Amino acid sequence: MAKYCNVALIGQGFMGRTHSNAYLKVHKFFTDLPMAPVMHTSFGQKEENPDVFANRWGWIHCSQDWKSVVRSEEIDLVDIVTPNFMHMPVAMEALAAGKPVATEKPLAGTLKDARAMVAAAKKAKVKTFVWYNYRRCPAVALAHQLVKTGKIGRIFHVRCVYLQDWGGPDTPLLWRFQKKLAGSGAHGDLNAHVIDMARFITGDEITEISGAIAETFVKERTIPTAGAAGGIAAGSRGSRKKGKVDVDDAVLFLARFAKGAVASFEATRLATGYQNMNGIEVHGEKGALRFRFEDMNYLDYVDNTADAAVKGWTRIMCTRGGSHPYAAAWWPDAHIMGYEHGFINQAADIMLALAGKKPVVPIPDFADAYETQRVLEAALLSAKNRCAIKMSEVK
Ligand code: SOE
């Protein structure tokens, strides 16, 4: 008989919807979970109509007082989906109350906040999780398994992009464009994902960053009307008053991995033509991998040990139950999956981890996600100082 986990969702918006959908659906597809989430309480600010959100998604209670929710004896897991600047205050409160904490990526808006969260998690001795959802695309999880089992061999190159195009001049000065709320721009929002993906798939750590460039193409944006300061909704209508943008629209950088691979990373919100294209390519001695989120069900693979006559890119449809991670919980072969399935897969893994079981693939805890946060910081230092930064310089 599954145990129950009373979840408190702190925040609403785009990630509030993806996480609510995950808790709503997870036990309908992962039918043998040892722990089932109860959608106990959601928090939203008054202007976000928390009762409307709670009723739409099936949260039993709703609140405008996140501190009392987080401290409540009834809550077993605090899940943070607020803008980045609130990750630390909410996590600290939850950890002080001895609650396991999950938070959306990145761990925090700044390395300082992230460091405090890691220390508090260590002291609280509770489980923590960071929703790097793309790890839970079956194709990305398969890539991780192929590298781990030696199919790719010694890795020479890693090439990562996260290309979006919604950041044009008409997009208002949303929280994602404000340093005090986001910490950084496309960098912390998008490079965070592909840095985590590269670390996850290679099983290796970055030791040095160089050649970083940070650019803000759109220097000022219309200040949103009340309530439009939310996510990436392009429809957020701005007022005519403009505000200065103090974060990047794009950050590119080069990196070295501990085991010798060299890498490039590029994140931008102005890659005209790419709406949400994250991708990674890994070139090794025995094989190569290529993932593109816009074709998220496929993993492209080269078996470099194959006979020369048949050697080349093969396209694996990663939906085969029993062969591909998570696939057995879903539909028959090639009845493909979408963006929301990664979040439902992650909810299943969090329930497994809370019940002391092994997730399908590793979930980054605060300490793991801190390594990604260090790389984010190192790249910004490299861009600011126009120099190489050794990771040993960024604690
Ligand atoms: C906006 O850039 C965003 O919603 C990111 O914040 C998410 O992490 C990404 O998965 C989709 O785009």
Side-chain angles (χ1 to χ4, degrees), residues 11-22 79-87 102-109 114 129-137 139-141 160-168 170-179 181-200 216-218 221 224 228-236 245 247-251 265-280 291-296 337-347 363-364 369 372-373 376:
Q12 297 184 171
F14 181 10
M15 290 301 120
R17 292 189 289 137
T18 58
H19 290 214
S20 297
N21 183 61
D79 187 12
I80 306 167
V81 291
T82 64
N84 300 343
F85 77 104
M86 282 302 293
H87 289 191
T103 181
E104 253 304 314
K105 47 54 63 179
L107 178 58
F129 312 98
V130 182
W131 287 75
Y132 277 106
N133 58 296
Y134 295 111
R135 286 193 184 199
R136 318 271 149 209
C137 296
V140 175
C160 296
V161 295
Y162 202 144
L163 312 175
Q164 293 184 339
D165 65 1
W166 61 277
D170 293 343
T171 303
L173 193 70
L174 305 171
W175 70 264
R176 293 173 191 275
F177 295 97
Q178 301 177 48
K179 192 178 177 109
L181 303 179
S184 62
H187 188 50
D189 192 20
L190 304 179
N191 262 331
H193 273 301
V194 287
I195 294 165
D196 176 75
M197 201 186 282
R199 294 179 53 240
F200 171 59
T216 304
F217 296 107
V218 180
R221 296 176 182 272
I232 62 169
S236 310
V245 176
V247 294
D248 59 275
D249 288 322
V251 171
F265 292 83
E266 177 181 2
T268 177
R269 288 171 173 155
L270 285 119
T272 311
Y274 282 113
Q275 295 170 330
N276 190 46
M277 212 294 277
N278 66 63
I280 184 168
F291 171 77
R292 295 243 178 292
F293 175 68
E294 292 183 346
D295 291 318
M296 69 166 277
M337 281 188 244
Y339 175 67
E340 74 276 20
H341 294 88
F343 289 90
I344 300 169
N345 294 341
Q346 171 126 7
I363 312 174
T372 295
Q373 202 83 33
L376 288 170

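All ligand and atom numbering here is 1-based and tracks the order in the structure. All figures in this text were calculated on a predicted structure; none of them were measured in a lab. Note that the numbering runs from 1 along the sequence shown for the chain.
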Atoms in ligand 1 flagged as close to [X], the criterion being non-hydrogen separation under 4.0 Å:
| X | answer |
| --- | --- |
| L190 | 2 (O) |
| Y339 | 10 (O) |
| N276 | 11 (C) |
| F14 | 4 (O) |

Heavy-atom side-chain contact between L376 and H187 under 4.5 Å:
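Side chain of L376 against side chain of H187, heavy atoms only: contact under 4.5 Å found.
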Heavy atom of Y162 under 4.0 Å from ligand 1?
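Within the 4.0 Å threshold, so yes.
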Output yes when K105 and D196 qualify as a salt bridge under the 4.0 Å nitrogen-oxygen rule, no when they do not.
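Result for this pair is no, no salt bridge flagged.
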Gap between atom SG of C160 and atom CZ of R199 - 0.5 Å precision
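The distance works out to 12.0 Å.
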Pairs of nitrogen or oxygen atoms closer than 3.5 Å, one from [X] and one from ligand 1: do any exist?
| X | result |
| --- | --- |
| K105 | yes |
| H193 | yes |
| Q164 | yes |

Could you walk me through whether R135 and N345 pass side-chain contact (heavy atoms from CB on, under 4.5 Å), step by step?
CA-CA 10 Å; R135 286 193 184 199; N345 294 341; over 6 Å; no
Taking the cut-offs as 6.0 angstrom to the six-membered ring centre and 45 degrees off its axis, would you call R269 and F177 a cation-pi pair?
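The answer is yes; both the distance and angle limits are met.
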Counting only heavy atoms, which portion of F293 has something under 4.0 Å from ligand 1: side chain, backbone, both, or neither?
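F293 to ligand 1: no contact under 4.0 Å from either part.
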Answer side chain, backbone, both or neither: which part of R176 comes under 4.0 Å from ligand 1, heavy atoms only.
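Contact part for R176 vs ligand 1: side chain (C-beta onward).
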Where R292 and I280 come nearest, the two heavy atoms and their spacing:
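Shortest heavy-atom contact: NH1-N, 4.5 Å.
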Side-chain (S20) to main-chain (R17) donor-acceptor, under 3.5 angstrom:
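Not at all, since once roles are kept as given, no pair shorter than 3.5 Å links the two residues.
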